[in-house]
Amino acid sequence: MIIGIDLGTTNSLVSVYQNGKASLVKNALGSVITPSVVGVDDEGRIIVGQPAKDRLQTHPELTVAVFKRLMGSDQTIRLGSLELKPQELSSFLLRQLKEDVEAELGITVTEAIVTVPAYFNDLQRKMTKLAGRLAVIDVERLLNEPTAAALAYGAHEELETQILVFDLGGGTFDVSILEMFDGIMEVRSSAGDNRLGGEDFSQIIVKDFFAYLVEEHHLAEDTLRSDFLPKILAECERAKTALSTQLEYLLSIEINGQSYQLTYSRDTFEKAAQPLLDRLILPVKQALTDSSIKLSELDQVLLVGGATRMPMISKLVARMFGRLPSREVNPDEVVAMGAGYQAVLKAKDAQINDVVLTDVCPFTLGIEIVNELGGRIISGVFSPIIERNTTIPVSRMERYYTTADQQEYVGIKAYQGESRHTSNNVYLGLLEVPVPKGEAGEQAIDVRFSYDINGLLEVETTVVSTNEKQSIVISNNHDLSEDDIQKSLEKLTAMKIH
């Protein structure tokens, strides 16, 4: 059985395709939403979802949330005596969602379609697939979240339409422009910000509440952060949710037996959030420019992600596009629904009309080179091989030459980003290619980048004079060896999971 999983920053959901439609599967607590929180209980067992979230305030040192933002990094999270990587924490979530489906439907799950932000880079995608492996799930495909949302809206319909998906989740922001025609869903462009989401809007209220407690009541900020931060975070999260449906909220917290309250208005919140709203505009403009589609040519604007429930987001989108956005499908659930549709498309189920999906490479991919300018050698120059928003899967090749006499090897440093300077881009890894000695510029190397539908990069080099080839997935210190993976599997298997 193949399932669809929305592995979110704040919440995660799982869906299956049954009786002609994608359906969300409830967890053991009867909810389709599982908080993306992992913790350790009093008996040293791993707990996932709502039970872990309930302990965020009381046991912050044994609980962690929002770890999706750390995916692809070297950071280790300590939970009591345990030290876990982001991909290991994510594997607990994936395992829980898999077991929820098996318990609810009485089936065995072996494969999954897992959604990721369109703007996730190569490292983040690799670690997401690794999380699936650690959860003993074969991640058949990584599906970009905006594409999944559009699929949920239009999988059954034979339409010719152009839509923009505005996806603001708990931790990331994506915008994608898609075109549907003759059963083909083509992603024309993607842009976004991996460090912008609902959590950042919550932090605005946190900052204001801290300022009130420190400046008005002269409480020590260090003490507030060390002893009361989880309670303050939870209260500010409630305030953000409440201000989506009401004009004011009474922030309240008890500290050392004394109650402190602050009336916080939606107007105050929206004014303080203006810098974040400004950050949402640039990726939208970038996606429109890259797609060569005009505002007037868009048939629909879809709001996706729980953070789009905030009225300021609807107003911003309405002002930008001169129309009311669509939100017919629950914005919290639409990505998981789309993953469920993609799962059944992968299984080639006769219940659903076949939809061909094409996607794009969200970042420019290339290597570092040196240039000569006015007799001066300039290093750290980025040479693109695959341009941003190229339709994938794609394979492109460029030819490069040695730069020094008697050079014995060429270091192929792969980067991902849009700057002409590699120092401003994301380093992916190094591939060292041996070359015959000779004068500078005498030896040529063909470098081929191949980027697949899962957003994973392979590099092939060919030394032209010898025709010697190397073809590998770029390795770097973020990748785990097979031995490391087995050690992680053994560690996770040995853990007691509630």
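Everything numeric in this text was worked out from a predicted model, so none of it was measured. FYI, side chains are in, hydrogens and waters are out, and symmetry mates aren't considered; it's all heavy atoms of this structure.
Taking CG from Asn27 and CD from Glu99, the interatomic distance works out to 12.0 Å, rounded to the nearest 0.5 Å. Note that the CD1 atom of Ile253 and the OH atom of Tyr260 stand 10.0 Å from one another [nearest 0.5 Å]. From Phe210, atom CZ reaches atom SG of Cys236 across 8.0 Å, with rounding to the nearest 0.5 Å. Here the straight-line distance linking atom NZ of Lys126 with atom CG of Asn121 works out to 9.5 Å at 0.5 Å rounding.
Ile2 is not listed as a side-chain neighbour of Val344, based on a closest heavy-atom distance of 4.5 Å or more. Two residues are said to be in side-chain contact when any heavy atoms from C-beta on lie closer than 4.5 Å; Val317 and Val301 meet this criterion. With a 4.5 Å cut-off on side-chain heavy atoms, Met185 and Leu151 count as touching. Residues Thr172 and Asp193 fail the side-chain proximity criterion, which asks for heavy atoms closer than 4.5 Å. Looking only at side-chain heavy atoms (C-beta outward), Gln203 and Leu233 come within less than 4.5 Å of each other. Residues Phe209 and Leu224 have side chains not in contact (no heavy-atom distance under 4.5 Å, counting atoms from C-beta outward). In this structure, the side chains of Arg55 and Asp42 come closer than 4.5 Å at one or more pairs of heavy atoms. Counting heavy atoms from C-beta outward, Asp174 and Pro117 have side chains that approach closer than 4.5 Å.
The existence of a salt bridge linking Glu199 and Arg69 is excluded, since no basic side-chain nitrogen approaches an acidic carboxylate oxygen closer than 4.0 Å. The existence of a salt bridge linking Asp138 and Lys129 is excluded, since no basic side-chain nitrogen approaches an acidic carboxylate oxygen closer than 4.0 Å. Using a 4.0 Å cut-off between charged side-chain N and carboxylate O, Arg388 and Asp290 make a salt bridge. Under the 4.0 Å criterion applied to side-chain N and carboxylate O atoms, Asp200 and Arg279 are not assigned as salt-bridge partners. We find that Lys240 and Glu237 are joined by a salt bridge, their nearest charged nitrogen and carboxylate oxygen being less than 4.0 Å apart. Ion pair Lys98/Glu102 flagged as a salt bridge, since at least one NZ, NE, NH1 or NH2 atom sits closer than 4.0 Å to an Asp/Glu carboxylate oxygen. Ion pairing between a basic and an acidic side chain is recognised when a charged N comes within 4.0 Å of a carboxylate O; Lys85 and Glu88 show no such pairing. The pair Arg188-Glu297 fails the salt-bridge criterion, with no side-chain N (NZ, NE, NH1 or NH2) lying under 4.0 Å from an Asp/Glu carboxylate O.
There is a side-chain donor-acceptor pair under 3.5 Å between Ser36 and Ser12. A side-chain N or O of Gln124 and one of Asn194 form a donor-acceptor pair less than 3.5 Å apart. Using a 3.5 Å distance cut-off with no hydrogens or angles, the side chains of Asn389 and Ser189 do not pair a donor with an acceptor. Between the side chains of Glu458 and Ser450, no donor-acceptor pair of N or O atoms lies under 3.5 Å. Side-chain atoms of Glu418 and Thr364 include a donor-acceptor pair closer than 3.5 Å.
Listed by first and then second residue, the ring-ring contact (aromatic ring centres under 6.0 Å, His included) pairs that reach into residues 119-140 are Tyr119-Phe363, sequence neighbours excluded. For residues 271-291, there are no ring-ring contact (aromatic ring centres under 6.0 Å, His included) pairs, not counting sequence neighbours.
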Stepwise, does the salt bridge (Lys or Arg N to Asp or Glu O under 4.0 Å) test hold for Glu235 with Lys231?
-> CA-CA 6 Å; Glu235 178 65 3; Lys231 287 185 177 181; over 6 Å; no
In sequence, state the C-alpha distance, the side-chain angles, and the governing distance for Tyr249 and Phe269, and then conclude on ring-ring contact (aromatic ring centres under 6.0 Å, His included).
-> CA-CA 11 Å; Tyr249 180 82; Phe269 182 31; over 10 Å; no
Steps toward salt bridge (Lys or Arg N to Asp or Glu O under 4.0 Å) verdict (Arg78, Glu61) = CA-CA 8 Å; Arg78 177 175 286 277; Glu61 75 285 357; over 6 Å; no
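Counting heavy-atom neighbours within 6.0 Å of Leu295 CG, excluding the residue itself, gives a total above 12.
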Tell me which donor-acceptor pairs under 3.5 Å the side chains of residues 103-116 have, and how far apart each pair is, sequence neighbours excluded?
residue : atom : partner : partner atom : Å
Thr115  : OG1  : Ile5    : O            : 3.4
Thr115  : OG1  : Asp6    : OD1          : 3.4

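Heavy atoms only, all atoms of each residue included: Val38 and Val48 are closest at CG2-CG2, 4.5 Å. Shown here for Pro362 and Ala118, the closest heavy-atom pair between the two residues is CG-O, 3.1 Å. Here the closest heavy-atom approach between residue Pro86 and residue Leu70 is recorded as CG-O, 3.4 Å.
Residues Phe173 and Phe166 place their aromatic rings such that the two centres sit under 6.0 Å apart.
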